[in-house]
Structures are given as C-alpha cells and as structure tokens.
Visitor: 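Here it is, the structure, as structure tokens.
Computed from a prediction, not measured in an experiment: that's the story for all the values here. Any value given below was found using the heavy atoms of this structure, including those in side chains, with hydrogens, waters and symmetry copies removed.
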Amino acid sequence: MNSVKSLRAYSRYAQEAVTLLSKQIKLGRKQRQWSEQHLAERAGISRATLQKIEKGEMNCAIGLVFEVAVLVGVSLFEPGSADGLSRTIEHTDDKIALLPKRIQPKPKTIHDDF
C-alpha cells in the first residue's frame, strides 16, 4: 500500500512567520554554542524533531516550537518578561468574556415572492 502525504496549502504570511521563527531559534542555539543534541535534550524532543523545527517545517507541534524558542531566548509575541504575556492573556480573556457565549448564524433571507 502506497501512502501519499496530504499537501496542505499555507498562506505566504504563515510560511514566512514560521521561517523567521525557525531561523531565530537556530540563531539562538548557535549563539549559546549549543549542539542540536543538547537543545533537543533540554526540550525533551528528538534531534530529528529539532531539525524539522529549525528547517521551518509547518507540521511541527506549536507547543514544541514555542518551548524550543523560549529555551534559546526568542521572544514570543512581546519583548520582555513573561509578565507581559500574562497581562495580554488576561486582557484577551476579558474581551472574550464580553462577547456572546454562542455565535448564532445569521438567518437566511428567503425570497418567496414568485
């Protein structure tokens, strides 16, 4: 049986964002003079997975990518401390709380004037 990988189309912006993050991760690792194996062990992943992250492969789990980024000092979303992220999370939660609990589809207008 021959398995065929499903090709997923990604927007150019998403591809460029992943490319940038992967290059920042690789730069951070090299600036710390860490081997791929050392960073992979610190992150609790295989070296092969780290290589995929550093190549910018789009199918890597986002949690793994973010963890590796944090380990090498890449700022995510906002420069500075994690407190900034906590405040942003709280602010976003507040906004979500103000929205309706359930989004209702707009009723369709029926034109029945034959």
Visitor: Using atom types as modelled and distance alone, determine if a side-chain donor or acceptor of Arg47 lies under 3.5 Å from a backbone N or O of Ala40.
Guide: no

Visitor: For Leu21 and Phe66, work out which heavy atoms get closest and say how close.
Guide: CD2-CE1, 4.3 Å

Visitor: Is Ile62 reachable from Leu64 through a run of I, L, V, M, F, W or Y residues, each pair having side-chain heavy atoms under 4.5 Å apart?
Guide: yes

Visitor: With a 4.5 Å limit on heavy-atom distance, are the side chains of Arg8 and Met58 in contact?
Guide: no

Visitor: For Glu16, enumerate each residue passing the salt bridge (Lys or Arg N to Asp or Glu O under 4.0 Å) test, keeping only those at least two apart in sequence or located in another chain.
Guide: Arg12

Visitor: Out of curiosity, Gln24 CD to Gln31 CD, how far, rounded to the nearest 0.5 Å?
Guide: 10.5 Å

Visitor: If you measure from OG1 on Thr49 to CD on Glu57, what distance do you get to the nearest 0.5 Å?
Guide: 9.5 Å

Visitor: If every non-hydrogen atom of Cys60 is compared with every non-hydrogen atom of Val65, which pair is closest and at what distance?
Guide: CB-CG2, 3.9 Å

Visitor: Could you tell me whether the side chain of Trp34 reaches within less than 4.5 Å of the side chain of Val72, counting heavy atoms only?
Guide: yes

Visitor: Could you tell me the separation between the CG atom of Leu50 and the NE2 atom of His38, rounded to the nearest 0.5 Å?
Guide: 11.5 Å

Visitor: Please check if Leu20 and Leu76 belong to a single hydrophobic cluster, counting links between Ile, Leu, Val, Met, Phe, Trp and Tyr side chain heavy atoms closer than 4.5 Å.
Guide: no

Visitor: What distance separates Leu39 CG from Lys26 NZ, expressed to the nearest 0.5 Å?
Guide: 12.5 Å

Visitor: At their closest point, which heavy atom of Val68 faces which heavy atom of Ala43, and how far apart are they?
Guide: CG2-CB, 3.8 Å

Visitor: Could you list the residues that satisfy side chain to side chain donor-acceptor pair (under 3.5 Å) with Gln15, not counting sequence neighbours?
Guide: none

Visitor: Going from NZ on Lys30 to OG on Ser35, what distance comes out if it is rounded to the nearest 0.5 angstrom?
Guide: 11.5 Å

Visitor: For the CG atom on Leu99, are there more than 12 heavy atoms of other groups (residues, nucleotides or ligands in this structure) within a distance under 6.0 Å?
Guide: yes

Visitor: If you group Ile, Leu, Val, Met, Phe, Trp and Tyr by side-chain heavy-atom gaps below 4.5 Å, do Leu27 and Ile25 land in one group?
Guide: no

Visitor: Which value, rounded to the nearest 0.5 Å, describes the distance between Ile96 atom CD1 and His91 atom NE2?
Guide: 10.5 Å

Visitor: Compare every heavy atom of Ile53 with every heavy atom of Ser22, then report the nearest pair and how far apart it is.
Guide: CB-O, 3.0 Å

Visitor: Taking NZ, NE, NH1 and NH2 as the nitrogens, is one of them in Glu54 or Lys23 under 4.0 Å from a carboxylate oxygen of the other?
Guide: no

